[in-house]
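Data block below; observations after.
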Number of protein chains: 2
Amino acid sequence: MITLKDIAKELGISISTVSKALNNSYEISQATINKVQKLAKEYNYKPNKAALSLKKSKTKTIGVIIPDILNHFFAKSLHGIEKEASKLGYSIITCISNELYQSEKKNIELLANGSVDGYIISVAAETQKKHEVEHFKSVLRQQLPIVMFDRMIEDVSCDKVIIDDFGAAYKATNQLLKEGRKKIVLLSTLKGLNVGKLRTEGYLKAIEENKVYKENPIVVNINTAIDLEEQVSKVFKEYKDLDGILAIDNTLGVIAINKAKHFDYKLPKDISIIGFSDYNVLPFCNPKLSTVTQHSEEIGENAVRMIIDRIEKKASVQKITKVIKTSIELRETTKNI
Amino acid sequence: MITLKDIAKELGISISTVSKALNNSYEISQATINKVQKLAKEYNYKPNKAALSLKKSKTKTIGVIIPDILNHFFAKSLHGIEKEASKLGYSIITCISNELYQSEKKNIELLANGSVDGYIISVAAETQKKHEVEHFKSVLRQQLPIVMFDRMIEDVSCDKVIIDDFGAAYKATNQLLKEGRKKIVLLSTLKGLNVGKLRTEGYLKAIEENKVYKENPIVVNINTAIDLEEQVSKVFKEYKDLDGILAIDNTLGVIAINKAKHFDYKLPKDISIIGFSDYNVLPFCNPKLSTVTQHSEEIGENAVRMIIDRIEKKASVQKITKVIKTSIELRETTKNI
DNA sequence: CTGTTAGCGCTTTCAT
DNA sequence: ATGAAAGCGCTAACAG
């Protein structure tokens with residue numbers, strides 16, 4: 001790699017003059033600036049990242065820790081993070097916790113050696129379940145800011161970007177009620193995550209508030225470790241006159257469509273189904289699943305802006321929680337009311 | 001952050017003694033080593049990454065440039081990369097080219113300032129189409145090694161990890177022929193990628209070699225920018241007595257299943273279908289799609305091992321191309337022969 | 001307008 | 001067994 005020293009030597013001037021010339025310092029004559037910049041371009045000079053980091057105690061990189069890259073929600077969020085960070089002149093170091101507390105902790109500690117200026121984290125399921133917070137607090141004590149997105153822990157004092165899961169489920173359930181559905185099942189999963197709890201609460205609230213709806217709420221917990229289709233089949237058999245399904249993710253949504261067809265329901269005449277869009281399953285379903293859309297990339301972009309504001313001390317002292325609204329996209333598995 | 005200086009001052013000894021003590025140097029007395037390491041642990045000392053990089057001209061990080069994070073093949077490869085790199089003590093900086101040449105070039109150049117010790121790259125579609133190579137060669141000239149995976153360019157002299165796409169398509173087509181299929185269509189896509197070409201060639205070779213098979217090969221290019229289902233429907237209408245489909249990706253595989261059912265084919269009695277497993281579509285199809293499996297994570301792991309061998313100069317001077325074998329997983333859309 | 005110098009945190013050679 | 005000093009590449013305060 002070509003250095004300031006090389007350029008200085010070649011031009012017979014001092015290193016600091018070269019440095020200032022490259023930074024267009026007012027102290028340097030235009031003539032010198034020109035010849036220095038010309039040579040620098042010629043040699044394709046780039047300031048050494050490590051030297052810059054060392055000097056300025058700033059790395060211009062963000063540590064991103066996500067639980068699972070194969071989950072489309074996180075992949076899309078990561079995409080948003082990468083795009084926005086790159087736009088704002090930051091790099092990202094990506095670590096994957098695989099939903100494990102130890103792995104998350106190890107990754108966070110590994111980066112706390114001046115590798116990053118701050119973190120964007122979506123908390124591992126295990127960490128959330130065990131309610132481990134010490135590794136986050138330790139980092140915060142070292143003055144490294146954290147932004148949590150989607151999966152967060154209430155009592156860690158940092159900026160947060162969350163999805164309005166409660167409101168989304170509430171709205172989606174209301175859509176089903178508005179269509180006159182009388183027996184609505186929530187297909188949930190048993191993962192001990194906030195997300196699931198909030199969506200369940202949103203569903204319950206909508207059901208309870210509705211005066212017309214007579215049935216009790218029906219929450220079915222699907223075990224994701226075993227055969228999904230069989231479990232969904234069982235739901236159809238158990239609740240004969242079922243006419244609405246809110247599926248907590250899109251996989252369950254598509255399976256619900258297929259099972260509804262299998263049990264000779266007409267969609268959306270006999271039954272309405274709404275899913276959550278963690279990824280694009282539209283090519284695989286017929287009719288097309290109506291979904292709650294999460295705007296995953298926007299979530300990532302917001303997280304980046306918040307962490308950079310914090311790193312560059314442009315944010316207020318107070319911690320901010322930004323709620324990203326979801327939207328419902330009605331397609332063919334709901335009546336378009 | 002706590003530094004050597006802090007520890008030295010606290011213990012009333014010199015910085016260099018502390019440094020040596022932490023590295024268990026034989027020059028230092030056991031007593032000193034003990035008290036230094038004890039205090040370092042107490043203060044949770046971590047050597048500053050930037051200083052280390054600067055001193056050693058080694059960053060212990062790898063730049064990873066992939067075309068598309070939402071594509072499951074790349075997401076899984078990235079997962080393999082991250083896992084293996086982390087195991088071997090390296091970090092990764094991830095950049096996404098979005099299949100664009102300019103973005104790829106920009107990202108590569110951005111990291112060529114001492115940010116990384118080497119690159120793992122899967123070439124953007126546009127770059128491959130335009131056959132741009134200068135940005136790769138420029139990096140190579142700066143002594144930064146590159147490993148390309150999956151999407152590579154023949155005449156860039158670097159290590160490569162590729163999938164046996166030709167062999168995979170050849171084997172899959174032979175499976176269909178072995179089942180006695182007489183009219184086999186290849187559903188391909190028009191993306192100008194090597195991958196597509198190789199799979200097509202594998203299909204063609206198998207067809208041509210077979211003495212029993214009388215039909216001409218049928219390669220249908222699907223335009224991924226417009227409605228996929230309609231195009232697949234058209235194939236079924238155009239080739240009435242079609243009894244085998246090799247789909248170049250799993251999305252097309254599932255769509256083919258659905259269309260086959262729609263046109264009243266019994267699977268696998270009337271028709272066999274094989275897809276390529278870029279991601280897990282099994283929950284969405286019934287019967288379950290037989291697939292060619294790509295072992296994406298293994299590809300990523302191999303790429304990491306190769307780049308580290310290169311970085312640490314453990315590899316032979318000669319460039320290596322490693323071919324990762326695929327396997328066929330027969331499920332319910334093929335006769336189990 | 002240009003140059004000298006110190007220092008970011010660390011390793012390593014060379015004295016002591 | 002310990003320490004002083006140089007140097008990795010850069011910036012910036014200060015001197016001239």
Side-chain angles (χ1 to χ4, degrees), chain A residues 1-37 39-40 43-61 89 110-117 142-144, chain B residues 1-37 39-40 43-61 89 110-117 142-144:
Chain A
M1 263 195 44
I2 177 103
T3 68
L4 291 186
K5 201 180 183 178
D6 301 325
I7 297 180
K9 196 184 292 171
E10 170 120 9
L11 258 41
I13 57 179
S14 80
I15 293 176
S16 62
T17 304
V18 175
S19 170
K20 288 171 187 165
L22 286 172
N23 292 304
N24 289 305
S25 164
Y26 64 94
E27 298 180 78
I28 305 295
S29 73
Q30 199 55 50
T32 308
I33 289 185
N34 290 148
K35 73 179 179 195
V36 167
Q37 297 197 350
L39 195 65
Y43 282 166
N44 192 21
Y45 166 79
K46 300 208 193 81
N48 180 290
K49 186 80 186 299
L52 238 47
S53 295
L54 184 57
K55 183 74 196 173
K56 304 200 161 174
S57 306
K58 284 278 167 218
T59 63
K60 282 263 184 180
T61 101
L110 219 58
L111 298 180
N113 63 347
S115 286
V116 301
D117 295 338
Q142 294 168 57
Q143 314 295 343
L144 283 170
Chain B
M1 263 195 44
I2 177 106
T3 68
L4 290 186
K5 201 179 182 177
D6 301 324
I7 297 180
K9 195 183 295 172
E10 171 120 7
L11 256 39
I13 57 179
S14 79
I15 293 176
S16 57
T17 304
V18 175
S19 170
K20 287 172 188 165
L22 287 173
N23 292 305
N24 290 306
S25 165
Y26 64 94
E27 301 181 81
I28 306 295
S29 72
Q30 199 55 49
T32 309
I33 289 185
N34 290 149
K35 73 180 176 190
V36 167
Q37 296 198 349
L39 195 64
Y43 282 167
N44 192 21
Y45 167 79
K46 302 210 192 80
N48 180 290
K49 186 81 188 299
L52 238 47
S53 295
L54 184 57
K55 184 73 196 173
K56 304 201 161 174
S57 306
K58 285 277 167 220
T59 63
K60 283 262 185 181
T61 101
L110 220 57
L111 298 180
N113 63 348
S115 287
V116 300
D117 295 339
Q142 293 168 57
Q143 315 294 343
L144 283 170

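This is a predicted model, so every value here is computed, not measured. To find a chain, count down the sequence lines: A is the first, B the second, and so on, and within it residues start at 1.
A:Ser57 comes within contact range of no nucleotide atom at all, as no heavy-atom separation falls under 4.0 Å. Across all strands, B:Thr17 comes closer than 4.0 Å to base atoms (heavy-atom distances). Residue contacts for B:Leu52: at a heavy-atom cut-off of 4.0 Å it reaches the sugar-phosphate backbone alone, with no base atom in range. No contact: A:Ser53 has no heavy atom under 4.0 Å from any strand. Residue contacts shown for A:Ser19 include a base, since a base heavy atom lies under 4.0 Å away. The residue A:Ser16 sits close to a base: some heavy atom pair falls under 4.0 Å.
At whole-Å resolution of the value, CG in A:Leu22 and C1' in D:dG9 are 13 Å apart. Residue B:Asn23 contributes atom CG, which lies 13 Å from atom C1' of C:dG9 at whole-angstrom precision. Per the geometry, CG belonging to A:Asn48 stands 14 Å off C1' belonging to C:dC10, to the nearest Å. Per the geometry, CG belonging to A:Leu54 stands 11 Å off C1' belonging to D:dT11, to the nearest Å. For the pair A:Leu11 CG and C:dT2 P, the computed distance is 11 Å after rounding to whole Å. Distance, A:Lys20 NZ to D:dA15 P: 13 Å, rounded to whole Å. Taking atom NZ of B:Lys46 as the reference point, atom P of C:dG9 lies 15 Å away to the nearest angstrom. Taking atom NZ of residue B:Lys5 and atom C1' of nucleotide C:dT11, one finds them 16 Å apart after rounding to whole Å.
The side chain of B:Ser29 places no N or O atom within less than 4.0 Å of a non-bridging phosphate oxygen (OP1 or OP2) of D:dA1. Under 4.0 angstrom from either OP1 or OP2 of C:dC8 there lies no side-chain N or O belonging to B:Thr3. A close approach under 4.0 Å does not occur between any side-chain nitrogen or oxygen of A:Tyr26 and OP1 or OP2 of C:dT2.
Open room surrounds NZ on B:Lys5; 12 or fewer heavy atoms of other groups in view lie less than 6.0 Å from it.
The 5' end of DNA chain D is approached more closely, in terms of each residue's nearest nucleotide, by B:Thr32 than by the other of B:Thr32 and A:Ile15.
Summarising the geometry, atom CG belonging to B:Asp6 is positioned 9.5 Å from atom CE belonging to B:Met1; distances are rounded to the nearest 0.5 Å.
Side-chain contact check for A:Lys46 versus A:Thr3: every heavy-atom pair is 4.5 Å or farther apart.
When each of A:Asn23, A:Ile28, A:Ile7, A:Leu39 is paired with A:Val18, the side chain to side chain contact (heavy atoms under 4.5 Å, CB included) condition holds for A:Ile7 and for no other.
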Could you walk me through whether B:Ser16 and B:Ser19 pass the side chain to side chain donor-acceptor pair (under 3.5 Å) test, one step at a time? CA-CA 5 Å; B:Ser16 57; B:Ser19 170; over 6 Å; no
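Residue-to-nucleotide contacts include a donor-acceptor pair under 3.5 Å from the side chain of B:Lys55 to the base of D:dG7.
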